[in-house]
Amino acid sequence: DDPLPTGFSYQLTTTFTNGGVAVAGYTAPTASATGTVSWIPSAPLTVANNAVVVVGFVAQASTVAGNYNNTASAETSYGTLTSSPVALQVDAARLSLTKTPSRYNLNPAGTTQLTYTLRYANDSAVTVTAAAIRDALPVGVTYVGCTGGTACSNASGTVGWSLGSLAGGASGDVTVTVTVNTSYASTSLVNSATVSATAPDGSPVSASGSTTVAVNAPAPALTLSKSE
C-alpha cells in the first residue's frame, strides 16, 4: 500500500518484481487513483532469503508547490512492514529577467549605439512552455536591431523574442540595440522588459527587469542683458 500525498495521483506501474523476476499476476491501482493505492498479487508471494520485492510506479505530482512526505507498507506473514518517509519537493515555475546596458551614460547624439543585454532564466525545476520576452522601447529612441531567442523582431517600438520551452534551470541572453534621438530632453532613460511563459498546470508566469541610463541632455543656453 502507498498512501499518496494530497494532490498526487497514480498513473501507471512500471515494475513489480520478486527477486528480480516479474510478478505474473496482480491487481494494480486504476489510473488517476488518489489516496492509498495498492498492488495485490493473484496469489501470496513467497520471498526467498535476501530477495527483494520491488514495485515501481509513476504518479502525477500535486499542482501545489511545497514539501511532501511519502511512505509505503507491505503485509507479510511477520506483520506489517512500513518504509521510512521519503521527502518529495514540488517546485513552482519561477522566472527571472535582468537587463544590463552597454553603457550607463551617453549623449543623445542620434548615432551612439546603446545595447541592452537581457538575461532570462527558469529558476525552477519544472519546464515552462511558450516563453517569450517583450520590451516596449521608450519614446525618443530609435531601434537598430536585436539578437537571440528562436526569433526576434520589432513591431511598432515593441521588441519581441520567442524562446519556446525552457527546461528547469535553463537560461540565456538576448540583446536589443538602440540609439537615443537628438531631441531626447530627459536626463535619464528608463527601459523595462518582461519575460513570460506557461507553467505545467497551464497558469501564466512572468518576471520583469529594468535599468536606467543617464543622458547628457543639453541644457538651454540663455542670456540676459540690460541696458539703459
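The first residue of the sequence shown is numbered 1, and numbering continues consecutively from there.
For S162, the side-chain hydrogen bond (donor to acceptor under 3.5 Å, both in side chains) criterion is met by no residue, not counting sequence neighbours. Partners of E75 according to the side-chain hydrogen bond (donor to acceptor under 3.5 Å, both in side chains) rule, which considers only residues two or more places apart in sequence or in another chain, are T80. Scanning for side-chain hydrogen bond (donor to acceptor under 3.5 Å, both in side chains) contacts around T175 gives T147, with sequence neighbours left out. Legend: residues meeting side-chain hydrogen bond (donor to acceptor under 3.5 Å, both in side chains) with R119, ordered by chain and number and at least two apart, are S171, D173.
Considering CG of L12 and OG of S32, their distance stands at 10.5 Å, rounded to 0.5 Å. For the atom pair N70 CG and D2 CG, the distance stands at 4.0 Å (nearest 0.5 Å). Here the CG-OG1 distance, from L163 to T129, works out to 12.0 Å after rounding to the nearest 0.5 Å.
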task: Go through the steps for T71 and S83 under the test side-chain hydrogen bond (donor to acceptor under 3.5 Å, both in side chains), then give the verdict.
output: CA-CA 6 Å; T71 60; S83 71; 5.2 Å; no
message: Run S62 and T6 through side chain to side chain contact (heavy atoms under 4.5 Å, CB included) and show every step you take.
response: CA-CA 7 Å; S62 170; T6 300; over 6 Å; no
message: side chain to side chain contact (heavy atoms under 4.5 Å, CB included) for L189 and L106? Distances and angles first, verdict last.
response: CA-CA 10 Å; L189 177 65; L106 55 71; 5.8 Å; no
task: Take V180 and T112 through the side chain to side chain contact (heavy atoms under 4.5 Å, CB included) test and state the conclusion after the steps.
output: CA-CA 7 Å; V180 181; T112 302; over 6 Å; no
message: Pair T194, S208 - check side-chain hydrogen bond (donor to acceptor under 3.5 Å, both in side chains), show working.
response: CA-CA 4 Å; T194 299; S208 297; 3.0 Å; yes
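When all heavy atoms of T211 and K99 are compared, the pair lying nearest together is CB-O, 3.5 Å. Residues N191 and A136 approach most closely at ND2-O, 3.5 Å, considering heavy atoms. Of all heavy-atom pairs between S165 and T127, the closest is CB-CG2, 4.4 Å. Nearest heavy-atom pair, P101 versus L114, reported as atom, atom and distance to 0.1 Å: CB-CD1, 4.0 Å. For D135 against L118, the heavy-atom pair with the smallest separation is OD2-CD2, 4.3 Å. In terms of heavy atoms, C146 sits closest to S153 at SG-N, 3.7 Å.
No donor-acceptor pair closer than 3.5 Å links the side chain of N67 to the backbone N or O of A87. No donor-acceptor distance shorter than 3.5 angstrom exists from the side chain of T182 to the backbone of G110, with no hydrogens or angles considered. Using a distance-only test at 3.5 Å, with no hydrogens or angles considered, no donor-acceptor pair links the side chain of D1 to the main chain of S73.
The closest side-chain heavy-atom distance from S210 to V190 is below 4.5 Å.
Applying the salt bridge (Lys or Arg N to Asp or Glu O under 4.0 Å) test to pairs two or more places apart or on separate chains, none has a residue in residues 124-133. A ring pair (Phe, Tyr, Trp, His ring centres under 6.0 Å) check over residues 136-160, counting only residues at least two apart or in different chains, returns nothing. Counting only residues at least two apart or in different chains, salt bridge (Lys or Arg N to Asp or Glu O under 4.0 Å) contacts with residues 84-93 comprise D91-R94. For residues 85-138, the set of pairs meeting the ring pair (Phe, Tyr, Trp, His ring centres under 6.0 Å) definition, not counting sequence neighbours, is empty. For residues 196-205, the set of pairs meeting the salt bridge (Lys or Arg N to Asp or Glu O under 4.0 Å) definition, not counting sequence neighbours, is empty.
Other residues sharing a hydrophobic cluster with F57 under the 4.5 Å side-chain heavy-atom criterion for ILVMFWY residues are L4, F8, Y10, F16, V23, Y26, V37, W39, L45, V47, V53, V55, V64, Y68, V86, L88, V90. Other members of a hydrophobic cluster containing V144 are absent, since no ILVMFWY side chain comes under 4.5 Å of it, directly or through relayed contacts. Cluster partners of V54 are V52, counting Ile, Leu, Val, Met, Phe, Trp and Tyr whose side-chain heavy atoms approach within less than 4.5 Å, directly or via other members.
When only modelled atom types and interatomic distance are considered, S196 and S206 share no side-chain donor-acceptor pair under 3.5 Å.
Linking ILVMFWY residues whenever their side-chain heavy atoms come closer than 4.5 Å, directly or via other members, leaves L97 and V126 in distinct clusters.
When each of T179, V141, V215 is checked for a side-chain contact (heavy atoms from CB on, under 4.5 Å) with P108, only V215 meets the rule.
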